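In what follows, a structure is listed as structure tokens, so that the remarks can point back to it.
The analysis underlying the following values was restricted to heavy atoms, covering all of them including side chains, and did not include hydrogens, waters or symmetry mates. From a predicted model like this one, the values you see are computed outputs, not experimental measurements. Just so it is clear: chains get the letters A, B, ... in the order the sequence lines come, proteins before strands, and each one is counted from 1.
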Amino acid sequence: MASTFGKGCHLHLIDGSAYIFRAFHALPPLTRKSDGLPIGAVSGFCNMLHRYVEGNTGPDAPTHVAVIFDKGSHTFRNDMYDLYKANREAMPEDLRPQIPLTRRATEAFNIACKEIEGFEADDIMATLACRAREAGGRVTILSSDKDLMQLVGDGVEMLDPMKNKRIDREGVMEKFGVGPERVVDVQALAGDSVDNVPGAPGIGIKTAALLINEFGSLEELLDRAEEIKQPKRRQTLIEKREQIELSKKLVQLDEGMDLPFTLDDLEVRDPVPENLLGFLSEMEFRTLTKRIADGLGVEAPVMPDTTPEGANPRSEDPDWPAIDPDRYETVGDLAALQVWIDRANERGTVAFDTETTGLNEMTCDLVGISLCIDPGSACYIPLIHRAESGEGLFGSDELAEGQIPLEQALAALKPLLEDPAVMKIGQNMKYDAKVMARYGVQIAPIDDTMLMSYAMNSGLHNHGMDALAERYLSHTPIPIKEIIGSGKSQITFDLVPIDKATRYAAEDADVTLRLARVFKPQLHVARVTRVYEGLERPLVPVLAQMEMTGIKVDRDVLNSMSNAFAQKMVQLEEEIHELAGEKFNVGSPAQLGEILFDKMSLEGGKRGKNGKYSTGADILEDLATEHELPRRVLDWRQLSKLKSTYTDALQEHINPDTGRVHTSYVQTGANTGRLASTDPNLQNIPVRSEEGRRIRTAFIAPEGHVLVSLDYSQIELRILAQMAEIDALKQAFREGQDIHAMTASEMFNVPLDEMTPDIRRQAKAINFGVIYGISGFGLARNLRIPRAEAQGFIDRYFERFPGIRAYMDATVEFAKEHKRVETLFGRQIHTPEIAAKGPRAGFAKRAAINAPIQGTAADIIRRAMIRMPDAIKGLPAKMLLQVHDELLFEVEEGAVDDLIGVARGIMENACDPVLKLDVPLVVDAGQGANWAEAH
DNA sequence: TGATTCACG
DNA sequence: GACGTACGTGAATCAG
């Protein structure tokens, strides 16, 4: 019955977004059984569509129908008024992933599904309604949105699907006090707080209708505003004329859109049973599937009862084009760049990646930028690639042709990269943000696929892009080695020919965008949205700032220490050689082992995996009681370590421009949620030995400043007391007792006032052991006592604190059941090894016991760090370093006490308001001219 | 590249 | 009954 839309035809226009929101709010938060995907709105939506289709019988049935959706958050109305709909609450997290599914649902019902980027559904409906009316047909708009009432009349009606109430001219009169053709005038005056349409202040619908009816139209009213009797109203209308006229433009629907389809495309079609039932069963809507199958007289598809936890998450979308580096665009002029910027603005999200001359964000140069808007739609913007020179391998000093001047490109990109309405997606965005910051661009807001993966998959695999692409997109990105080579012949990225660079760089952006599309909806399913949005993403700018600030290091102090160490080492080396009776490489454990255990035939020679003697510190320590040589080797090793790892290496890390050392924190470095510090690692600067601690005197505050260190006291033990609910421990912490002494007193029945340092030391070792998943062997080795004795300690400990045993057992049970453990803040650490057999099971068990404790402590200091910049904004202070339970600040001399007060408050209350601990968190503070004094 | 050693929390 | 063991990191070094 294909025919042209005309007289006798009846078009139904369904307001899809209204359906979705109604369905979402009307239903409890249902989730799909097999994987926990939130599905409530889709379910409600399908039921509404089904009911709608069922009800379409009789003479009033539509001949044409379409569900119309909004698309994109940025519309032409935002161009007129940037605050349009600015009051809108963000879409609920659980609803977001359901939006695309409602499109699929519509298609499954074989109903036309229409949306147009940059337009609201209302405009599309307005255009369609007008065309249908002109063609002589009838139109029913299924919506209760009052904005659509301007369309009513001449064969166009509205139908409130919930109240099943028809709205015609009279209905509109009732609502607005004017006919449909004057609705926009009333709305322009009355404004709309929901859509943030300003209107005329102090004038509501009633007054507006009165005025419009009196003057006939808005334009007439504004032109003759002087005639209004009430002085206040008159003044408002005269003063706010522009605002009112803008409001009218905002509420006026666009009835003349260009549409990429015709009314005839909307003809009513019967659903294709397998498509519809296929979709419904995929969503696992049992009741609806059965009902519809029965109605169609076909067999309902079988659905799995449950799917085991840890089932493969959905990866790439089959609709996406294949990743094809040949299809990426090289952007060589500003006009082409503007097209991409416009597209990114329209879309509201863009994947972003930088290419640089090196891996050090503080010193490298920006070479180019890649963007990706949709899967497969990516570009590379080369900026400072060098021209290929005829002669040598190395490019010339000249810039290659076809590149936008750096300044101009950045000026064009800056508004986009800083636009709060456009989400910039990256893989390890901290890197790109730091690079861009050096070029004056503060990129925000950001999403980070690496952090999404970390939040969901910590403990399962690494979160580098290549690994993620492989795993979740079944794609192997072009290896960087293929582009810049490796080893000696490695070149910097600015020497890569532009066409080659485009293939690599744009692919990275493409991959990143696809990963984000896969990961983002899964965050909810995995229940780590709060971890990602509350603990991971907001930390990025904080870390970036700390890294860029760096800490001042006194090169002279390090240098003179290096020299002193070198001298002593030479001396020790000579003595060692003399004692050994021959020259050998003291730094070679293999050679040392042979000297000790073969040549000198000392006791205790244990061979490791590759048949070599083990010469670790504990073994040498044992030998040192009887012999000179191992003692000297230990001393030599200590100096060697200090010199090579610290006094020498640190000097090389002093940035010549800033005179400071800039570490890099790896947010995904530790499975537990801890940070890792690299290049250099500033989280393992010596402190335990007197000799080593001197290295900290090289970390200094500049003139007029002081270093302040704040560290959590016993945070992991406090968390253990909380998580395992050990009343005695909690009580002790509340009373501010010496926790190790208290433990010792409990265990060994020694009154506190008779406590000896040695007994306390043993109890301390046990307390730490508990956190690590204690074993008799481990404690025995640590305390250098017989294993049986150590086991006795542990038994007594568990006897005194039975809750600890229960907690450990429960944690291991949880890990076995879920293959993961969790922190108090919901961070998940996957423990796949927990199922292993053999010795690995022991490791996995202890890791599972430790992870929630270490991880919760990590969460707490992260929360403090995220809040810190705002808290200390008014103080002349900077946060410099984090060392797991310590934060180091640099502050002007006069503000030390203020800083300690503020920062301590933030740290001690970092759990608020999410969590209320029964145990107080206590923060100790220290200050001084250098880190040794401050700690 | 992997193993060993040792610095930190 | 044996297995082997404290938890989490990064860097330097040797040796293949």
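- Counting heavy atoms of neighbouring residues, nucleotides and ligands inside a 6.0 Å radius, atom NZ of A:K606 does not exceed 12 of them.
- OP1 and OP2 of B:dC6 both lie 4.0 Å or more from every side-chain N or O belonging to A:N684.
- Comparing the same atom, C1', in C:dA6 and in B:dG2 gives a spacing of 23 Å after rounding to whole Å.
- For A:P839, counting side-chain heavy atoms from C-beta on, the closest listed nucleotide (C:dC7, C:dA15, C:dG4) is C:dG4.
- Closest to the side chain of A:V687, out of C:dA12, B:dT5, B:dG9, is B:dG9.
- Straight-line distance between the P atoms of C:dA2 and B:dC6: roughly 31 Å, to the nearest whole Å.
- Using a 4.0 Å heavy-atom criterion, one finds that A:A649 contacts the sugar-phosphate atoms exclusively.
- In this structure, A:R787 forms no cation-pi arrangement with A:F777, as its terminal cationic atom is not both closer than 6.0 Å to the ring centre and no more than 45° off the ring axis.
- For A:R637 against C:dT13, a side-chain-to-base donor-acceptor contact under 3.5 Å is absent.
- Close to C:dT9, at under 4.0 Å from its OP1 or OP2, lies no side-chain N or O of A:Q854.
- Distance check on atom C1': B:dA7 versus C:dC3 gives 30 Å, rounded to whole Å.
- Nucleic acid contact for A:N782: base, since at least one base atom lies under 4.0 Å from a heavy atom of the residue.
- For A:R781, a side-chain nitrogen or oxygen approaches OP1 or OP2 of C:dA6 to under 4.0 Å.
- A:V666 comes within 4.0 angstrom of no nucleic acid atom, judged by non-hydrogen atoms across all strands.
- Of the listed nucleotides (B:dT4, C:dG4, B:dC6), B:dT4 has the atom at the smallest distance from the side chain of A:P589.
- Ring planes of A:F597 and A:Y613: tilted class, angle from 30 to 60°.
- A straight line from OH of A:Y712 to P of B:dC8 spans 23 Å, rounded to a whole angstrom.
- Between A:I829 atom CD1 and C:dC7 atom P there is a gap of 15 Å when expressed in whole angstrom units.
- Pair assignment for B:dC8 gives C:dG8, based on Watson-Crick or G-U wobble hydrogen-bonding distances that are each under 3.5 Å.
- Residues A:M868 and A:M907 form a side-chain contact, since some pair of their non-hydrogen atoms from C-beta on lies under 4.5 Å apart.
- Note on A:F768: nothing from the nucleic acid sits closer than 4.0 angstrom, heavy atoms only.
- Atom C1' of nucleotide C:dA12 and atom CD of A:E652 are separated by 12 Å, given to the nearest angstrom.
- Between the C1' atom of C:dG10 and the OH atom of A:Y665 lies a distance of 13 Å, rounded to the nearest Å.
- As judged by a 4.0 angstrom heavy-atom cut-off over every strand, A:G773 is placed among residues making no nucleic acid contact.
- At a threshold of 4.0 angstrom between heavy atoms, the contacts of A:Q591 are confined to the sugar-phosphate backbone, with no base atom among them.
- For A:S588, a side-chain nitrogen or oxygen approaches OP1 or OP2 of C:dA15 to under 4.0 Å.
- Distance, A:R827 CZ to C:dG8 C1': 13 Å, rounded to whole Å.
- Take the nearest nucleotide of DNA chain C for A:T672 and for A:T678: the residue whose nucleotide is more 5' is A:T672.
- Within the nucleic acid shown, A:A765 comes within 4.0 Å of at least one base atom, counting heavy atoms only.
- The listed nucleotides are B:dA7, C:dT9, C:dT5; the one nearest the side chain of A:P686 is B:dA7.
- For A:H884, whose side chain is taken as the heavy atoms from C-beta onward, the closest listed nucleotide among C:dA11, B:dG9, C:dC7 is B:dG9.
- Checking side-chain atoms of A:Q683 against main-chain N and O of A:Q882 turns up a donor-acceptor pair under 3.5 Å.
- Closest contact between the side chain of A:F843 and the listed nucleotides B:dC8, C:dC7, B:dT5 involves C:dC7.
- Comparing C:dT9, C:dT5, B:dG9 by their nearest atom to the side chain of A:H935 picks out B:dG9.
- At a threshold of 4.0 angstrom between heavy atoms, the contacts of A:D679 are confined to the sugar-phosphate backbone, with no base atom among them.
- Counting non-hydrogen atoms under 4.0 angstrom, A:L642 reaches nothing in the nucleic acid.
- Note that A:R846 lies in the cation-pi zone of A:F843, set by a 6.0 Å cut-off to the ring centre and a 45° limit from the axis.
- A sub-4.0 Å separation between OP1 or OP2 of C:dA12 and a side-chain N or O of A:S640 is absent.
- Under the Watson-Crick or G-U wobble criterion, with both distances below 3.5 Å, B:dT1 is paired with C:dA15.
- In this model, the phosphate group of C:dG8 is not approached by any side-chain N or O of A:R674 to a distance below 4.0 Å at OP1 or OP2.
- Residue contacts for A:G769: at a heavy-atom cut-off of 4.0 Å it reaches a base atom on one of the strands shown.
- With hydrogens and angles left out, the side chain of A:R688 and the base of B:dG9 share a donor-acceptor pair within 3.5 Å.
- Nucleic acid contact class of A:I685 (heavy atoms, under 4.0 Å, all strands): sugar-phosphate only.
- Residue contacts shown for A:R787 include a base, since a base heavy atom lies under 4.0 Å away.
- Looking at the side chain of A:K641, the nearest of the listed nucleotides B:dG9, C:dA6, C:dG10 is C:dG10.
- Using a 3.5 Å distance cut-off with no hydrogens or angles, the side chains of A:E933 and A:Q927 do not pair a donor with an acceptor.
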- prompt: Would A:E573 and A:K583 count as a salt bridge (Lys or Arg N to Asp or Glu O under 4.0 Å) if you check the C-alpha gap in whole Å, the side-chain angles of each, and the deciding distance to 0.1 Å?
  reply: CA-CA 9 Å; A:E573 218 162 314; A:K583 293 206 168 185; over 6 Å; no
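- What separates CZ of A:R694 from P of B:dA7 is a distance of 16 Å, to the nearest Å.
- For A:R846, the listed nucleotide lying nearest its side chain is C:dC7; candidates were C:dA15, C:dC7, B:dC8.
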